[in-house]
Structures are given as C-alpha cells and as structure tokens.
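Encoded as structure tokens, the structure appears first; notes follow it.
Labels below follow one simple rule: chain letters A, B, ... track the order of the sequence lines, proteins then strands, and each chain is numbered from 1.
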Protein chains: 2
Amino acid sequence: MNNFTDELRRHNLKATPQRLAISSALHNYGHVSIDTLYEMMLGEFASISLATIYKNINIMLENSYIQEVKIPQNKTVYELTKSSHSHLVCVDCKSVEDVSVDVDEIVNKLNLDDTFLISKADLVISGVCKNCN
Amino acid sequence: MNNFTDELRRHNLKATPQRLAISSALHNYGHVSIDTLYEMMLGEFASISLATIYKNINIMLENSYIQEVKIPQNKTVYELTKSSHSHLVCVDCKSVEDVSVDVDEIVNKLNLDDTFLISKADLVISGVCKNCN
DNA sequence: GATTAAAGGATAAAGATTATATTTTAAGTT
DNA sequence: AACTTAAAATATAATCTTTATCCTTTAATC
C-alpha cells in the first residue's frame with residue numbers, strides 16, 4: 001500500500017490532491033521532468049496551474065520529500081526520496097534508471113587526507129541502454 | 001605558455017579575441033557560470049553581447065573544447081576540457097574544485113553484469129570546504 | 001589585399017521560473 | 001459536523017534565461 005498522505009505529512013507537507021498525484025506520478029514513472037509532470041497532471045486536473053507544479057516541486061525538495069537529478073545535456077528530473085543510489089542515463093532515449101553503487105567507499109578514501117567535509121555524492125553514469133543498442 | 005589560439009583551432013573553432021578571453025577566464029578561474037563569465041568579459045569587451053557568450057559556450061561544448069558541470073541546487077559551471085576528474089562543491093561558498101577519483105574502477109564493476117554501454121560518469125561531491133568551516 | 005564563411009552585436013522572441021493577488025481547501029478546533 | 005485559519009491552488013503578470021534573427025564585422029585562406 002502506498003500511503004502518500006502519511007508520507008507527505010511526515011515531511012510537513014499538507015496532503016492535497018495535487019500533491020498526492022505528483023507523488024503517484026513520481027512513484028509510477030520513477031524520474032520525471034517538470035514539463036512531463038505538468039502534462040501528466042493535466043490529465044487528472046484539467047485546470048492545474050504550472051505554478052502549482054513549480055511551487056510543489058520546490059517545497060518538496062526543501063522538505064526532502066523528493067530529490068532532483070541533474071542530467072548532462074538534458075532536463076532535470078525528480079524522484080521520490082529513497083535510500084542512496086546512483087543513476088544510469090541513456091544518451092539516446094534519455095531514460096533514467098537507479099543503480100546501486102558504493103560511492104561512499106570511494107568517497108571515504110578522499111575524506112582522510114582532506115579537510116573538505118563531505119555531505120553527499122551524486123554520480124550520474126551516461127551511456128546507451130539495452131533498448132537502444 | 002598558453003596557446004589558446006592553437007587549442008581552439010585544434011577543436012575546429014576560429015580563434016577570435018572573445019574566444020581567447022573565454023579561454024583565459026576558464027583557465028584562470030577553473031569553473032565559471034554563464035553570468036559571471038559575462039561579467040568578466042564585459043571588463044575586456046565593453047560591448048560584448050550575452051548572445052555571444054551563449055553561442056560560444058554551446059559550440060565549445062559541441063566541439064568538446066569545454067565541459068559543463070551541473071551543480072546540485074546551483075548554476076551550471078563550465079571548465080576547459082582536461083583529463084577525467086570529479087568535483088568538490090562547497091554548499092556554503094559554492095566554490096568548485098577538481099578532485100581525482102577513480103570512478104572508472106567502480107563503474108567497471110557494474111559493466112560486467114549489465115547491458116548498459118557506459119560512456120562516461122559524472123561525480124559531484126557536495127560538502128563544506130576548508131575555508132567555510 | 002581580396003574573398004568568404006563564420007562570428008559578433010543588437011534586439012526580438014521564446015522558454016523557464018518566480019511573484020502577486022485572489023479564491024479555495026486541508027486540518028485542527030470547537 | 002460546522003467553524004476557523006493558515007496554507008495551497010489558480011490565474012496571470014513579471015522576471016529571468018536561452019535561443020533566433022538580422023545585419024555588421026572579421027578570421028582564415030588564397
């Protein structure tokens with residue numbers, strides 16, 4: 001069961017119908033850009049405002065309910081917050097998928113001889129997915 | 001000696017004064033956003049057009065003379081193309097510095113049991129730099 | 001030095017994001 | 001269950017950001 005209502009409230013976000021729909025869209029499609037999200041939402045809320053999308057994406061980011069993923073040469077996509085992982089991006093079809101990589105292991109080696117206090121590490125791997133070759 | 005003229009031509013780019021200045025700016029400052037680059041350039045070319053900055057950044061990217069670095073929560077910066085490396089970004093002062101990380105090592109492990117053909121891997125490490133803590 | 005395709009500059013156009021004002025509503029309270 | 005209120009949604013304007021267009025200038029070749 002996906003109780004997005006509770007999950008939203010846990011992040012200090014009111015559970016509005018629009019936010020529940022955004023949650024479902026991110027859950028079902030994994031990684032979605034602002035404009036495809038807007039298109040999706042228009043199906044369910046014919047009169048939704050694009051400003052609503054932006055405002056919600058921004059507050060959801062602030063409250064760590066979602067995460068942004070910046071894609072090389074392409075639009076930023078958003079995903080529901082989950083345990084640490086990296087991303088595979090197809091340069092052909094632009095699809096994004098999660099992949100488990102032990103980034104911490106590599107990053108921790110650096111930390112030893114460095115005064116930089118690491119908080120996170122974002123790894124985006126580009127290439128051609130199995131459907132595109 | 002920094003012969004940006006030859007380096008530009010090697011990438012099929014005409015060596016104009018504006019492009020030489022962009023080259024110097026990236027070389028001297030390492031990582032620069034569009035608008036700070038524009039401000040820098042205005043010092044040298046009082047009447048330079050912002051469109052010139054954009055057009056040059058785009059063609060320099062296409063010809064791999066420069067690389068983009070997408071920063072979490074912040075503006076994209078650009079750097080001269082050099083050997084593979086990762087980036088440290090300070091969430092406080094926003095400074096960006098290069099760091100040598102053996103990303104290939106980790107990424108190659110994935111390649112084995114995956115049909116995804118990897119072409120590159122971008123790693124951006126966020127945290128607080130030594131000047132900011 | 002002459003030729004020409006490419007680049008620069010000025011500005012308009014298009015796209016993306018944020019701000020403002022008003023209406024609506026989720027969530028807590030009575 | 002209706003009442004209250006701060007927050008959210010909507011519509012739209014305003015503000016960036018980026019690209020396109022048109023005309024002028026120039027780097028590179030001969």
Taken to the nearest whole Å, CG/L13(B) to C1'/dT26(D) is 16 Å
Let me know the distance between OH of Y54(B) and C1' of dA13(C), rounded to the nearest Å.
15 Å
For S49(A) and D35(A), find the nucleotide of DNA chain C closest to each by heavy atoms; which residue's nucleotide sits nearer the 5' end?
D35(A)
Is the phosphate of dA26(C), meaning OP1 or OP2, less than 4.0 Å from a side-chain N or O of R9(A)?
no
Between N63(B) (CG) and dA6(C) (P), how many Å, whole number?
13 Å
Verdict with reasoning, K82(A) to D98(A), per salt bridge (Lys or Arg N to Asp or Glu O under 4.0 Å):
CA-CA 10 Å; K82(A) 44 204 157 184; D98(A) 294 347; 2.9 Å; yes
Under 4.0 Å between a side-chain N/O of T52(B) and OP1 or OP2 of dG9(C), yes or no?
yes
Where the side chain of N58(A) is concerned, which of dT18(C), dA8(D), dG9(C) is the nearest nucleotide?
dT18(C)
Give the rounded distance in Å between these two atoms: CD1 of I59(A) and C1' of dT18(C).
15 Å
For Q18(B) and dG9(C), is the shortest distance between a side-chain N/O and OP1 or OP2 below 4.0 Å?
yes
What does N56(A) touch in the nucleic acid at a heavy-atom separation under 4.0 angstrom: a base, only the sugar-phosphate, or nothing?
sugar-phosphate
Starting at the 5' end of DNA chain D, which residue's closest nucleotide do you reach first, T16(B) or L50(B)?
L50(B)
Base, sugar-phosphate or nothing for A51(B)? Non-hydrogen atoms, less than 4.0 Å.
base
Compare the minimum distances between each of dA11(D), dA9(D), dT18(D) and the side chain of S47(A), then state the nucleotide with the smallest one.
dA11(D)
Roughly how many Å is it from CE in M41(A) to P in dA8(D), rounded to a whole number?
15 Å
Should S86(A) and V103(A) count as side-chain neighbours, where that means a heavy-atom distance under 4.5 Å?
yes
To the nearest angstrom, the CZ-P distance between R10(A) and dA27(C) comes to 14 Å
How about Q67(B) and T81(B): does a side-chain donor come under 3.5 Å of a side-chain acceptor?
yes
Is a donor-acceptor pair below 3.5 Å formed from side chain K14(A) to base dG28(C), judging by atom type as modelled?
no
Report yes if the side chains of D102(B) and K109(A) come closer than 4.5 Å at any heavy-atom pair, otherwise no.
no
For the side chain of R19(B), starting at C-beta, report the closest nucleotide among dA7(C), dA10(C), dA28(D).
dA7(C)
Assess whether one donor atom and one acceptor atom, taken from the side chain of K55(A) and the base of dT10(D), lie less than 3.5 Å apart.
yes
Taken to the nearest whole Å, CG/L37(A) to C1'/dT17(C) is 15 Å
Rounding to an integer number of Å, can you tell me how far E68(B) CD sits from dT18(D) C1'?
14 Å
Report yes if some heavy atom in the side chain of V99(A) is under 4.5 Å from a heavy atom in the side chain of F116(B); otherwise report no.
no
